[in-house]
Amino acid sequence: MHLDYTHEDTYRHTREHVSLARTLVPDAYRSQEFFKIEQDKVFSKSWVCVGYTDQVREQGCAFTTQVAGQPIFVIRDKKNTIRAFYNVCRHRGSQLIEKAGQYNTLRCPYHSWVYDTCGDLLVTPLFKGHDLEEREAEFYTEHSQKLFCKDDYGLLAVRVWIWGCFIFVNLDGQACSLMDWLGDLPQRLARYPLEEMRLSKRVPYSVKANWKLIAENFIEYYHLPTIHPELVKVSKVNLHYRYQGAGMYMGFCTSPLTKDSTSPLDRLAPMPGLNATEGESAMWIHIFPNISLFLLPNHLFTLLLNPQAPDGTLEYADLLVHPESSQIPDCQSQIDGIFQYWDRVNRQDFEAVQRVQLGIATQAYPGGRMCERFEEPIHRFQNMLIDRMVGKNRIPQGDQETHDFYFLSQNLKMDTLHV
Ligand code: FES
Ligand SMILES: [Fe+2]
């Protein structure tokens with residue numbers, strides 16, 4: 001039976017309460033048609049994280065990426081504003097910049113049109129446009145509306161918004177602001193000095209799995225005892241709690257983290273400004289659609305997802321560190337140790353989600369179930385996705401404090417976590 005992926009009825013089983021709901025229709029992870037619609041309905045309309053302010057620390061620094069299959073680049077302009085543009089020359093459409101670098105101006109490699117870092121077209125060699133000295137007055141009058149003017153051919157801008165160290169873009173000119181999108185998340189993480197974080201290490205991975213399987217794996221903690229024997233020593237399953245307010249994110253935390261002398265995770269100094277609870281907790285946040293944050297007291301590890309195909313995702317594993325955390329003599333080896341630790345965890349996750357990708361090809365599989373205690377964030381995530389697929393721009397609410405019984409049952413001071 002052919003499903004209409006933009007129709008609410010297709011998703012009726014997932015729309016049930018989490019304790020009754022079925023997971024998303026399996027086509028969502030394997031169908032080319034679903035993927036194409038999802039690129040348009042989700043990635044073209046969402047605030048998509050593309051990188052970090054530290055990648056464009058100096059004026060003229062730029063990097064390229066793709067959002068919903070569209071080539072774009074991000075640049076810090078000569079006035080210090082971070083901008084994003086489609087990576088296309090306005091002359092005859094050449095790709096403008098090929099790779100990350102620092103640019104005083106942007107010269108097209110085809111016919112050498114030159115743009116400044118604010119996107120204005122500066123130079124069009126041998127192309128005089130509206131210089132009409134040699135033309136007949138009559139011609140000028142007749143064609144004046146069609147004649148070329150550089151001001152009309154600046155680079156095509158993309159909406160960009162910075163929160164903390166994160167650069168988000170949105171291809172949809174009508175979308176809500178990033179602050180509405182994030183809801184109460186900036187307030188919840190207000191004490192973390194995110195805007196000062198530096199990108200210390202980055203490794204790209206080509207994962208043979210749908211991007212949603214990677215995101216869903218991150219936001220459930222049911223798999224921890226099976227897949228991550230090292231991680232559960234530090235981040236105990238029974239010390240995981242929901243940490244969920246309104247906004248396009250899924251949040252939970254481990255509080256407190258458990259000391260483990262074999263783990264390299266607590267060897268850097270904590271970030272400045274955290275309160276006592278934050279200083280011994282980990283926040284796990286997935287911002288819909290494409291970035292997962294592992295926010296510990298002294299570092300931030302992230303997974304930045306870029307869907308390539310129904311069964312393939314380009315994933316950047318990034319480690320960000322605060323300058324004050326790095327003020328120790330063997331800082332680089334500690335950073336390498338932290339990265340290796342998460343890299344190992346991440347590989348354990350790859351193997352798991354790649355196995356799901358293989359299993360989910362089974363046509364007889366109608367979708368599965370979710371364990372409410374450990375997998376409720378998946379239900380929240382899938383409902384966000386369905387909303388976009390059917391054209392709803394809803395931003396979901398978070399937990400009522402009285403429902404946050406995991407906090408209460410542990411006598412945690414909720415007011416220290418909830419801002
Ligand atoms: S396509 Fe860029 S200058 Fe011609
Ligand atoms: Fe995992």
Side-chain angles (χ1 to χ4, degrees), residues 64 71-73 85-98 103 105-116 119-129 148-150 152-156 205 207 209-240 250-254 257 263 265 282-286 291-296 301-305 313 315 317 338-357 370-371 373-378 381:
T64 61
I72 68 164
F73 69 93
F85 298 102
Y86 287 99
N87 193 3
V88 60
C89 173
R90 293 297 306 276
H91 174 220
R92 282 192 20 246
S94 170
Q95 178 193 60
L96 191 59
I97 68 171
E98 207 179 330
Y103 299 87
T105 54
L106 304 162
R107 178 183 297 275
C108 177
Y110 199 177
H111 313 92
S112 287
W113 279 24
V114 178
Y115 303 84
D116 75 6
D120 295 331
L121 177 57
L122 300 178
V123 180
T124 55
L126 308 175
F127 186 141
K128 294 200 173 170
F148 178 76
C149 174
K150 284 203 205 71
D152 298 334
Y153 290 89
L155 295 178
L156 301 170
Y205 292 99
V207 187
N210 186 276
W211 70 276
K212 297 187 291 299
L213 294 179
I214 304 172
E216 291 171 2
N217 174 73
F218 172 75
I219 57 184
E220 57 98 339
Y221 26 107
Y222 194 23
H223 71 277
L224 264 57
T226 321
I227 302 286
H228 301 306
E230 301 85 7
L231 181 57
V232 287
K233 290 187 199 155
V234 177
S235 179
K236 298 213 155 126
V237 173
N238 61 342
L239 296 175
H240 277 65
M250 277 55 58
F252 55 101
C253 68
T254 310
L257 291 165
S263 140
L265 294 181
M283 304 294 170
W284 315 99
I285 312 283
H286 184 85
I291 185 165
S292 303
L293 316 184
F294 306 46
L295 182 54
L296 279 85
F301 183 78
T302 67
L303 302 177
L304 187 58
L305 308 179
T313 304
E315 175 191 289
I338 293 171
F339 193 90
Q340 274 164 18
Y341 181 93
W342 288 123
D343 193 56
R344 182 169 183 174
V345 171
N346 200 22
R347 284 166 192 274
Q348 292 164 340
D349 285 324
F350 285 3
E351 288 171 12
V353 297
Q354 290 181 164
R355 277 192 293 271
V356 179
Q357 190 69 45
M370 288 160 277
C371 166
R373 166 71 174 95
F374 302 107
E375 294 177 299
E376 194 281 340
I378 293 184
F381 173 86

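All ligand and atom numbering here is 1-based and tracks the order in the structure.
Residue pairs meeting the salt bridge (charged side-chain N to carboxylate O under 4.0 Å, His left out) criterion with at least one member in residues 219-232, sequence neighbours excluded: Glu230-Arg344.
Of all the heavy atoms in Arg90 and Tyr115, the pair that sits closest is N-OH, 2.8 Å. Nearest heavy atom pair, residue Val237 against residue Arg373, reads O-NH2, 4.3 Å.
Relative ring orientation between Trp284 and Phe294 is described as perpendicular, the plane-to-plane angle rising above 60° on a 0-90° scale split at 30° and 60°.
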Q: Take Gln95 and Thr64 through the test side-chain contact (heavy atoms from CB on, under 4.5 Å) and record every step on the way to the result.
A: CA-CA 11 Å; Gln95 178 193 60; Thr64 61; over 6 Å; no

(Q) I'd like to know whether Phe127 forms a side-chain contact (heavy atoms from CB on, under 4.5 Å) with His111, so could you lay out the CA-CA distance, the side-chain angles of the two residues, the decisive distance to 0.1 Å, and finally the verdict. (A) CA-CA 10 Å; Phe127 186 141; His111 313 92; over 6 Å; no

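Taking the ring-ring contact (aromatic ring centres under 6.0 Å, His included) definition, one finds that Phe374 meets it with Tyr221, Tyr222, sequence neighbours left out.
The Fe ion (ligand 2) has His223 NE2, His228 NE2, Asp349 OD1, Asp349 OD2 as its protein N, O or S neighbours under 2.8 Å. Excluding water, every protein N/O/S atom under 2.8 Å from atom 4 (Fe) of ligand 1 is given here by residue and atom: His91 ND1, His111 ND1.
Considering Leu155, Leu156, Ile72, Leu96 in turn, Leu156 is the only one that fulfils the side-chain contact (heavy atoms from CB on, under 4.5 Å) rule with Val88.
Looking at Asn210 and Lys212, their side chains do bring a donor and an acceptor atom within 3.5 Å of each other.
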